[in-house]
Structure formats: C-alpha cells, structure tokens
Number of protein chains: 2
Amino acid sequence: MKMTPLVEQMVRHWGEMGARWGISRSVAQVHALLHFTARPVPADEIAETLGIARSNVSGCLKELQGWGVVRLVHLPGDRREHFESINDVWRLFEVLLDERKRREVDPTLKALRECSAQEEAAPKDSPETQRRLSEMLEFFEMMDAWYGEVRRMPIQSRVRLVKAANRIRSWLG
Amino acid sequence: MKMTPLVEQMVRHWGEMGARWGISRSVAQVHALLHFTARPVPADEIAETLGIARSNVSGCLKELQGWGVVRLVHLPGDRREHFESINDVWRLFEVLLDERKRREVDPTLKALRECSAQEEAAPKDSPETQRRLSEMLEFFEMMDAWYGEVRRMPIQSRVRLVKAANRIRSWLG
DNA sequence: CATTCTTTTCAGTAATTATTGAAAAGATGA
DNA sequence: TCATCTTTTCAATAATTACTGAAAAGAATG
C-alpha cells in the first residue's frame, strides 16, 4: 500500500515520538498508520507498507490490542485478520495516561508509603529528610486522588474542565 | 558515605523509575540521593556512595543543574563543589512536566499544524482521514492551551485546583 | 608560576532494548 | 485429513543508549 504524504508524515513523526513516550518505534508507526489510514488493514500489508518484519507487526498489534487502542476486524471474503484504530482521541490518550500512571506513579506511591511507614515506626533520618519524604508522599497522594477524580468524570465533563481553565483560574482567585 | 535505609530505598526506586521517565538510571539516582539526603554533597562522595564513575556523576550533575533541580554550593573550608537538590516538590515536577511537554507534545503539535495546513491547501486524503487529523490537532491545541493556563497560575492556585477536583466535578455538572 | 586538587571530555566498552527471519503452531476449506 | 494460507514464537543479530577510565583541562593555593 502506498501511503499518502499525510499518513507518511504522521507515521514518521509518531515513530520518532514513540521513543520518547517509551513506546517502540514500530508500535508507534503501526498505530499511526492504522489511525490515519482510518480503515481496516491486514498485518502483511502493514509490514509491507512500513518495511518492517511481519513478525514484528504481529507483536506490535498484540501490544496495541492489549492497550485497547486497536481492534481486530474481519472483512468478508478475506481470510486475513484486519486491524483498525479506535477513532476517539480522548479515549486514546486516556489509555496512554492510564498506562503511564500505572507504570510511573503507582509504584512510586507504593514505595513512598512503605518508606513513610518504616520511618514512622522507627525514625532513623534527619528531620529535614523526614520532611522531604512526607512532602513527596503528600504530593503523590494529592495527584493520585486528583487523577482518580478526573478519571471518573465522563469525557464531556473533562472537555469542559479543560476548556474552562481560564474561568477556573479567576474562580480560584 | 553510608546511606540510611530510607535514602537507599529511594535511590534504588528512583533509579528504576528513571528508566520509565526517560531519565537515565544514574541521573535519577544522583537526584534521589541529593533530594533525600537533604544537605550539600560533593561529587566524589556521590560517586563513591552510589558506586558509579566520577565522570558519570559529573555528567549527571550537569543535566540536573541544566533542569534547575540541583544547584551548586560551596562549603567553607572545602575546595570541592557541593550539590544540593531544590526542596520544593511542586517546582521539581513542574520542571519534569515542562521538559516532557517540550520533548513530547510541542513537536507533535508542530507536525500536526504543518500537516493540517498542507491538507487544507491541497486535500489528498479521505474525508475520514481528514477528520482524524483535525480531531487530533484540536485535541493537542486544547491541551496546549490548558497547560499554558495552569502553568501561568501561582503554585498556590494549582494546589487549590487539584484539591478542589471533586468540587469542580459537581460544578461542571 | 608550579604544584596539587578537582572537574570535564571522549573514545571505547558494556548493557539494554528492538527487530529480524526461520521454523513451529494454528486455522480454514476442499 | 490433507494442503494451504496465516499467525506466532524465539534465538540470533542489530541498534541504541548508558557507563567507564584514562587523559586533558581548569582552579585554587602557597
């Protein structure tokens, strides 16, 4: 399949960005291809279009399906499995943020809680070290609670929340 | 220098997390050591304590200073440069978020704008592809504007904003 | 300004992570 | 059940990134 210039640019860009997002180049490229092509594509066509190994595509698709941002569809008259990207950009970034929080924030919160409990049971550090630990824990607890709140809002409310940033600003004083 | 169990745990944890944050293990460990030790430490002592090369510590400190989360101080009667972590956790994560936005969001916003302009000048893609491009651009524009708003608030307002999440939830309906 | 202590640079090496391709496993239809 | 098409697994290899250590450069002291 020949990509249009737009799709090609997006594939290239997401591939580069993927590295910075902790997503492998191939996974990011496969996602970009599916998302901007906006129709179901079979795995071998993805491999051919992106010039990467068929087996690699297979792994990328597993990962993207695992995250729930790509789904498998069957097209009548074709034995092969086709794949398409979900078309909701809010849902897409929700998945990415959830994943990041799970990998980056949750383990740290756990570690901070454990350390804090230990320190409380038997203080062994300077007051300033203790203060920094509890400040750090408090920060993570606050962010965790906030994310939980926002996460529970329906998408519509989140859109309003984001769009209303300037109003909130004056409202908070 | 012998680390207390608390500092040791934090150093180990931040080292592991660093990888997921796109920060090298050493940089993250040096930061954890300075932050939780909470007093100025000279580079050679950092190297010895963490068991990493002196030259590596030098590079890590350059990076941390470049981000503004570690600063150089001189202690009377000691020729060596000492380093300490800034003690404001909000400022610390502000720096990390700014850095992430700069590396991950800004280039994508730029690419999306360029693609969008090209497509507008000479449409070459399916209506659905065009729709996905503009939806993606709109999303990034919205987030960019929102981040700018929040970023401009004084820290105090941000704390209130985060703490008021549940109130905002009902306020938005 | 020479000695000594300290920091930085950088080429080489190590460690990690991503990708390939061949072979095995799984599925479909005659 | 066999032949064929498709997907997955996994050991080998490639690419990337992080780290070291020796040597050079820079600073402070007498």
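Computed over heavy atoms, backbone and side chain alike; hydrogens, waters and symmetry mates excluded. Chain naming here is simple, since letters A, B, ... match the order of the sequence lines and numbering starts at 1 in each. Small disclaimer: the values here were computed from a predicted structure and weren't measured.
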Fill in: Heavy-atom check, side chain of Y147(A) versus side chain of D98(A), under 4.5 Å
yes

Worksheet item: Taking CG from L72(B) and P from dA27(D), how many angstroms apart are they, rounded to a whole number?
Response: 13 Å

Worksheet, complete the sentence: H74(B) NE2 to dT29(D) C1', in whole Å, measures 15 Å

Practice prompt. Please state how far atom CZ in R80(B) lies from atom P in dT6(C), giving the value in whole angstrom units.
Written response: 6 Å

Response to the item:
Residues of residues 20-52 of chain A with a heavy atom under 4.0 Å from any atom of DNA chain D, listed by number, are none

Item to complete: May I ask you to verify whether the side chain of R79(A) and the base of dT28(C) hold a donor-acceptor pair under 3.5 Å?
Response: yes

Practice prompt. Locate the shortest heavy-atom distance separating G15(B) from Q29(B); write the atom from each residue and the value.
Written response: CA-CG, 3.7 Å

Discussion item. Show the nearest heavy-atom pair for residues W67(B) and I23(B), with the distance to one decimal.
Written reply: CH2-CG1, 3.7 Å

Worksheet entry | ring pair (Phe, Tyr, Trp, His ring centres under 6.0 Å) evaluation trace for F140(B) with F93(A) | CA-CA 11 Å; F140(B) 271 83; F93(A) 287 99; 5.5 Å; yes

Practice prompt. Mind telling me whether H35(B) and W14(B) have parallel, tilted or perpendicular rings, with 30° and 60° as the class edges?
Written response: parallel

Item to complete: Report the distance from atom CZ of R54(A) to atom P of dC10(D), rounded to the nearest whole Å.
Response: 17 Å

Fill in: Salt-bridge criterion met for E141(A) and R113(A) (N-O under 4.0 Å)
yes

Discussion item. Does dT8(D) have its OP1 or OP2 closer than 4.0 Å to a side-chain nitrogen or oxygen of S58(A)?
Written reply: yes

Worksheet item: Can a cation-pi geometry be assigned to R100(A) and W21(A), taking NZ or CZ under 6.0 Å from the six-membered ring centre and within 45° of the ring axis?
Response: yes

Fill in: Earlier contact from the 5' end, DNA chain D, for G59(A) and S55(B)
G59(A)

Response to the item:
Taken to the nearest whole Å, CD/E63(B) to C1'/dT17(D) is 12 Å

Fill in: Whole angstrom value for the distance that separates C1' of dT6(D) from CG of L75(A)
16 Å

Fill in: Interatomic distance where CG belongs to N56(B) and P belongs to dT17(D) [whole Å]
17 Å

Item to complete: Starting from P on dC5(C), measure out to CG on D78(B) and report it in whole angstrom.
Response: 13 Å

